[in-house]
Every structure is written in C-alpha cells, then in structure tokens.
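Note sheet for the following structure.
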Amino acid sequence: MAENERTNFIWEAIKEDLAEGKNNGRVQTRFPPEPNGYLHIGHVKALTVDFLTAEKFGGVCNLRFDDTNPTKEKEEFVDAIMDDIHWLGFEYGNVYYASEQYDQIYAYALDLIRRGLAYVDDLSKEEIRAYRGTLTEPGKNSPYRDRTPEENMDLFLRMKNGEFPEGSHVLRAKIDMASPNINMRDPTIYRIKYAHHHRTGDKWCIYPMYDFAHPIGDALEGVTHSLCSLEYEIHRPLYNWVIDVCGFEQKPRQIEFARLNLTNTVMSKRLLRALVEGGYVSGWDDPRMPTLAGMRRRGFTSPAVRDFIDRVGVSKADSVVDCRLLDYCVRNDLNEKAMRAMAVLDPVRVVLTNVPEGTCEMCTIENHPKHPEMGTHEIPFTREIYIEREDFMIDAPKKFFRLKPDGEVRLKGAYIIRCERYDVDADGNVTCIYCTIDPESRSGSAGADRKVKGTIHWVSAAQSIPFEGRLYDSLVLDDTGETEVDAEDDSESEGQTNGPDFLRRLNPDSLKVVHGYAEPWLAQASVGDSFQFLRMGYFCKDKDSTDSLAVFNRVVPLKDSYKPE
RNA sequence: UGGGGUGUAGCCAAGCGGCAAGGCAUGGGACUUUGACUCCCACAUACGCAAGGUUCGAAUCCUGCCACCCCAGCCA
C-alpha cells in the first residue's frame with residue numbers, strides 16, 4: 001500500500017536526506033508568514049505543504065511570524081493568521097516571532113563584524129544600487145568595504161543606539177560584489193528604522209533583513225527543511241552562506257516549490273491590500289476576496305479548500321489553476337452537507353385556480369435526498385405561489401422540461417400542476433400564470449408516482465420571507481486570468497487617486513444582488529449555515545442577515561446541463 | 001548579451017530507459033420529485049523542437065536550439 005502512497009518531489013528529497021542519516025531522522029518545518037495582511041488561498045498551499053510534510057515524517061511544524069519590517073505589520077494580522085490556520089484544522093507546535101529572536105540575530109551580526117564578514121556602509125540607497133552593478137555587469141566595492149572590525153563595531157553600535165538617521169548607514173554582509181548572483185553582492189542585512197514595532201515597541205531602531213533573519217530563525221528553532229516558494233531559489237546561496245558563517249551544526253535545507261495562482265483572481269498581498277484600503281471591497285473578509293476570511297464568509301468550507309490544495313499538487317512549474325477546480329471541490333463537499341431548501345430569486349406569480357383561497361397545506365420535504373437522518377421540514381402550500389421566472393417559457397423548445405403553456409410540471413415536494421393560461425404586460429413580460437393542480441399527485445401520496453418530465457422549485461406567496469441573495473459568482477477580477485502587476489511603486493505609497501492598473505479589471509458582475517422569497521423555515525437558519533437551493537446553487541447565510549430579511553451569499557452555483565436551443 | 005529555474009492534453013499533474021496515471025474542464029449517454037448528485041463512454045501515436053546523438057528500445061540519458069518565470073528593496 002505504500003506503493004500507491006501520494007508523494008511529491010519535496011518528500012522524495014526528504015526521504016533521501018533521511019536515508020543519508022541527516023538530522024538524526026528528524027524532520028521539522030515551519031510556516032513563516034509576515035503579519036502584514038490576511039491569509040489567502042495561496043498561503044494555504046504553502047502552509048499545507050509545511051504542515052503535511054511535518055506530519056508525513058512525524059515531525060512538527062511551528063508557526064513563525066517573520067516580523068522584521070515593523071512598518072508593514074500589525075497585531076490584527078497575527079490574530080487573523082492564527083484563526084485561519086485553526087479554521088483549516090492544522091495544529092502548529094510552537095509560536096515564534098522573529099522579533100523575539102532579535103537579540104540572538106544581533107549577536108550573530110556582531111560576530112560577523114568581529115570576523116570581518118560584515119561592514120557598515122555609509123553609501124546612500126541610490127549609491128548602493130549604482131555600485132551593485134547590473135544583471136550583466138559586476139558591481140564594485142563600496143569605499144567603506146574595508147573598514148576595520150573595530151570601526152565597524154563602533155559604527156554598528158551607534159546605529160543600534162540611534163545615533164544615525166534612517167538611511168544613513170546599513171550593515172552589509174561582505175561576500176562578493178562580482179558574483180553573477182546579485183543577491184550575493186554584499187547584501188544588506190541590517191537597516192535603521194525608527195518605527196514602532198507591534199511587539200518590541202521602540203526597543204530597536206535597527207532591524208534585520210529577511211535574508212539574515214530567516215536562516216538564523218530556522219536554525220535556532222531546529223528546522224530541518226525550510227520550504228518556500230520559487231522566488232527564493234536565487235536566495236538559497238545566501239541562505240546557506242548565513243547558515244555556514246554563523247556556524248550552525250545542524251543545517252536546515254531550503255527547498256522551493258511553485259506558488260499557487262488562480263484564474264479570476266489576484267494573489268498578491270499588495271494588490272489585495274489596495275482593494276481593501278481603496279474601498280473597492282468591504283474588507284479583508286469581503287466574500288469576493290480570495291482570503292480565507294472572505295471565502296469562509298462566502299461559505300467555502302475548510303475540507304473543500306483542503307481538498308482543492310490536495311488536488312492541485314506540488315511541483316516547480318509555474319502554473320495557474322482553473323478556479324473551476326475550486327468550485328468543484330466546494331460543490332463536492334457541500335453536496336453532502338448542505339440541507340436542501342427552496343427560494344425563488346426572480347419570482348413570477350402563479351395562481352392555482354383549483355386550490356381554494358385560504359388553503360394552507362404543509363408539505364413535508366426531506367432535508368437531504370440521500371441522507372434521511374438529516375430529517376425533514378415543512379413547507380406551506382397555498383393557492384398563490386412564486387416560481388422562478390426562467391422556469392416558465394411561452395415558446396418552449398422541445399427539450400425544455402419545465403413549465404410551458406398546456407404543459408405539466410411537478411412542484412418539488414407538492415403537486416403536479418398544469419399551465420392553463422397566463423397574463424402578459426405591454427412589454428410582453430409574463431405577470432401571472434394560472435395553473436391547476438392534480439390533487440392526486442401530492443408527494444407522498446398514492447398517486448405521487450405519476451411521472452412528469454420536470455420538477456421546479458417554488459414558495460408560497462403569502463407564507464414566505466423576503467430574501468436577498470448575493471451572487472458572488474466571480475472572484476474579484478474578470479476572466480482574462482491575467483494580472484499585470486505594475487512593478488513600480490511600493491505599497492507604502494498611499495496614492496489611491498488612480499488605483500493600480502489591475503483595478504480596471506475588477507469584475508462589475510462579481511457581485512449581483514437579487515431579491516426574492518424564501519421558505520419560512522430558513523428564518524431559523526444561523527449565520528454560516530449553508531443550504532442548497534434547488535437548481536440555484538449553494539447559499540450561505542451571511543453575517544448581516546436580519547430577522548426581517550434573509551441574506552444569503554451564493555457559495556457556488558450548481559452545474560446546469562440544460563442548454564437552450 | 002549574467003545567474004537561477006521551468007517546459008507532459010484547455011487547466012493542474014503522475015512518470016525517473018520498456019512502450020503516456022489521475023483530477024478539473026469539455027462532448028455523448030443512463031438514472032433522477034434538484035436538467036444537481038451518481039453512473040457509464042469519449043478525450044495526448046504523443047511528452048517545448050517534423051533538431052542531432054546514445055540505445056534493441058527515450059517523455060525519461062547526452063548535445064544544440066526555442067519559450068516562459070525569477071533576481072539589480074535599506075520588502076518578505
């Protein structure tokens with residue numbers, strides 16, 4: 001059975017490490033988010049790889065907040081991140097913060113200075129860039145590169161003590177300004193920032209860079225395999241350099257894999273933040289957002305999200321996954337769990353002429369066709385009802401199985417009705433349909449086995465509740481699946497005057513609101529409960545529903561194999 | 001024109017020298033008091049290259065070429 005066990009290239013690599021006896025057979029990973037935003041579906045892939053890899057090899061996966069840039073980070077985000085991980089059902093071991101490792105990281109920096117492996121540079125940001133060279137030309141040494149360890153030590157201490165303004169000095173690793181790998185051309189490892197850190201407050205005014213803090217954090221925590229996305233591949237030599245130079249005995253191994261991209265949406269935290277801060281969406285949990293908070297509010301379930309990630313797989317090839325696979329996973333999960341109910345989104349009135357006025361029969365309907373243990377509920381049946389406008393067609397084609405003049409159709413859970421006549425307004429819109437019921441055909445009765453080709457959903461006109469359906473059928477962007485992220489302007493610039501380029505691709509149809517009627521039973525639903533409205537899809541009761549109005553988000557539509565013409 | 005990566009169907013993705021798994025999507029059919037679900041069937045003579053080579057045999061090895069992605073933050 002181990003024969004067919006699912007694996008991936010990362011696990012194969014780890015098996016080889018284990019076979020060579022590395023790390024004494026121990027495997028440890030970490031999920032290292034920067035608390036500068038909410039987790040999105042792309043993070044789920046990363047964190048799933050981290051957690052499942054640890055689980056696979058009987059190790060632990062810790063959570064570490066890579067909070068080395070105080071200007072972007074907030075406590076709100078660390079809370080949201082932990083909530084999201086729990087929602088997904090993963091258990092992390094310890095919780096670490098890079099900011100709690102600052103003392104140790106600082107000590108390693110001092111050691112590098114002492115050994116002549118790091119120096120304080122007085123060059124400006126622009127000068128450093130100029131000295132770095134280009135992709136095709138080597139860089140040249142900074143005039144400050146050969147300062148003595150004593151001089152560097154003095155300068156670095158003064159940096160730490162707040163004697164210099166931001167931007168005036170940085171600490172650089174002394175590696176090789178002519179390296180074909182630009183990341184090795186004396187990378188900056190510490191910079192001055194007079195910023196309030198959400199955890200260390202104003203204790204520090206120098207902060208380590210990712211490239212320095214990350215490998216040290218990994219080593220300090222005992223990480224054996226540091227899994228990350230492809231863009232860090234080029235940083236691996238630097239990662240290994242830091243590990244070596246700091247003298248860590250047990251050397252974590254960095255392995256990179258492709259990050260997740262999804263059609264119809266954008267996965268860049270910078271762009272998601274622009275949507276939130278620019279007011280284009282209601283917040284990080286807007287149901288159109290690919291954030292876990294948004295998807296959760298929309299009604300996506302964690303098993304569905306996990307199944308999706310599992311089906312996507314792990315490789316090193318750049319890819320864009322069709323968002324219809326995610327939809328499939330959601331439908332697949334909800335099909336088993338969601339109770340069946342009826343709501344009419346675009347109502348047209350139907351009068352059942354042979355049902356006496358004042359009649360109110362209760363029809364019993366199963367909550368789930370395949371799970372009788374899920375129980376039943378009652379729906380009031382009255383003389384006047386609403387059906388879906390699209391379920392009636394005057395000039396119906398041959399293969400239209402729903403209601404048409406002189407045609408018969410079954411009202412789900414109730415009677416078979418026949419269309420006798422209908423009213424039309426000046427514009428040709430149907431305003432009312434008159435039908436008769438077959439009294440023998442009531443569901444559950446002896447005559448109920450008569451077959452008609454179609455079954456439609458309905459609600460009582462008098463005994464139903466107002467319904468607002470939000471049809472978030474597309475994620476934030478249109479369906480071109482392309483996202484041009486303008487390389488320019490860092491997220492620090494607030495200028496929202498003319499939003500980023502991609503905002504032009506915001507899908508105006510990504511949120512449609514419809515008003516209709518729902519069966520009374522739905523008034524008892526709790527926020528977060530999901531239902532399948534027959535033919536219309538899966539809906540989840542939204543958090544801002546009120547007693548007088550049932551507000552449901554459409555999680556995902558049902559597949560519809562009916563094709564007109 | 002530097003370096004690091006990746007190229008298997010519309011989209012993901014197995015495959016690791018022995019003759020192309022699987023899923024989504026798509027098309028057809030059966031079933032159906034949800035045109036849903038479920039169930040059948042179809043869907044790469046072909047693996048970036050009408051390129052060389054090794055081999056009895058290559059998607060898998062070697063050479064060359066092409067395409068795309070990443071790197072010149074005092075972001076992560």
Side-chain angles (χ1 to χ4, degrees), chain A residues 6-8 12 32-34 36 66 68-69 71-72 121 123-125 128-130 132-139 166-172 179-185 187-193 207 209-211 213-214 228-237 256 258 260 263 269-270 308 310-329 331-332 335-336 340 342 365 369-370 399-402 410-414 416 441 443-444 448-457 481 490-492 532-537 558-563:
Chain A
R6 256 192 99 168
T7 183
N8 59 50
E12 291 306 310
E34 182 188 18
N36 66 344
D66 260 346
T68 54
N69 186 354
T71 60
K72 294 186 173 182
D121 200 339
L123 253 27
S124 69
K125 187 189 283 195
I128 287 180
R129 184 185 308 137
R132 184 151 35 222
T134 68
L135 295 178
T136 51
E137 309 161 76
E166 268 184 36
S168 61
H169 301 267
V170 291
L171 184 68
R172 295 229 255 167
S179 171
N181 180 346
I182 293 184
N183 296 284
M184 296 299 270
R185 318 238 262 231
T188 298
I189 57 177
Y190 259 96
R191 77 290 210 187
I192 301 170
K193 261 182 199 280
Y207 293 92
M209 298 287 287
Y210 164 89
D211 280 316
H214 200 92
C228 63
S229 45
L230 251 26
E231 65 266 32
Y232 292 105
E233 208 153 24
I234 193 78
H235 293 249
R236 199 193 320 141
E256 311 84 7
L260 174 70
T263 58
K269 234 189 256 184
R270 186 175 87 68
F308 169 70
D310 182 54
R311 288 167 187 265
V312 164
V314 182
S315 76
K316 293 192 70 163
D318 293 312
S319 62
V320 182
V321 176
D322 193 327
C323 63
R324 289 178 297 183
L325 176 60
L326 213 205
D327 288 349
Y328 166 82
C329 293
R331 282 196 306 265
N332 199 32
N335 180 43
E336 289 300 311
R340 311 294 130 130
M342 294 199 284
I365 281 195
K370 287 183 186 144
K399 304 275 270 181
F400 183 79
F401 301 142
R402 285 165 273 168
R410 163 145 238 133
L411 295 178
K412 172 74 184 176
I416 291 172
S441 64
S443 290
D449 52 349
R450 182 158 79 86
K451 305 289 184 201
V452 288
K453 195 65 184 164
T455 300
I456 63 174
H457 60 281
D490 207 307
S491 53
E492 330 232 23
Q532 185 197 83
F533 292 148
L534 302 192
R535 278 190 60 76
M536 308 311 295
L558 249 33
K559 285 212 291 186
D560 186 358
S561 57
Y562 170 67
K563 304 202 175 47

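Protein chains get the first letters and strands the later ones, always in sequence-line order, with residue 1 at the start of each.
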**Message:** Does Pro138(A) reach a base, just sugar-phosphate, or nothing at all? Heavy atoms under 4.0 Å.
**Reply:** nothing
(Q) Could you check whether the side chain of Arg535(A) and the base of U34(B) have a donor-acceptor pair of N or O atoms closer than 3.5 Å, going by distance alone? (A) no
Under a 3.5 Å limit on both distances, the Watson-Crick or wobble mate of A36(B) is none
Could you check whether Arg236(A) gets within reach of a base, just the sugar-phosphate, or nothing at all, counting any heavy atom under 4.0 Å? nothing
Any cation-pi pair here, Arg402(A) with Tyr562(A), using under 6.0 Å and within 45°? yes
Checking N1-N3 plus N6-O4 or O6-N4 for Watson-Crick, or N1-O2 and O6-N3 for wobble, each under 3.5 Å, the partner of U55(B) is none
Does Thr134(A) reach a base, just sugar-phosphate, or nothing at all? Heavy atoms under 4.0 Å. base
### Message
Does Val170(A) reach a base, just sugar-phosphate, or nothing at all? Heavy atoms under 4.0 Å.
### Response
base
Tell me what Tyr232(A) touches on the nucleic acid: a base, only sugar-phosphate, or nothing, going by heavy atoms under 4.0 Å.
base
Pairing partner of A67(B), by Watson-Crick or G-U wobble and under 3.5 Å for both distances, is U6(B)
Taking a pair to mean Watson-Crick or G-U wobble geometry with both distances below 3.5 Å, A42(B) pairs with U26(B)
Practice prompt. Could you check whether Ser443(A) gets within reach of a base, just the sugar-phosphate, or nothing at all, counting any heavy atom under 4.0 Å?
Written response: base
Notebook entry, point to check: NA contact type, Ile192(A), heavy-atom cut-off 4.0 Å: base, sugar-phosphate, or nothing?
Noted result: nothing
Pairing partner of A50(B), by Watson-Crick or G-U wobble and under 3.5 Å for both distances, is none
**Message:** If you go through the side-chain atoms of Thr136(A), does one of them form a donor-acceptor pair with the base of U1(B) closer than 3.5 Å?
**Reply:** no
Original post:
Reckon His235(A) touches a base, only the sugar-phosphate, or nothing at all at heavy-atom distances under 4.0 Å?
Top reply: base
A13(B) to U6(B) separation - P atoms, rounded to the nearest Å: 13 Å
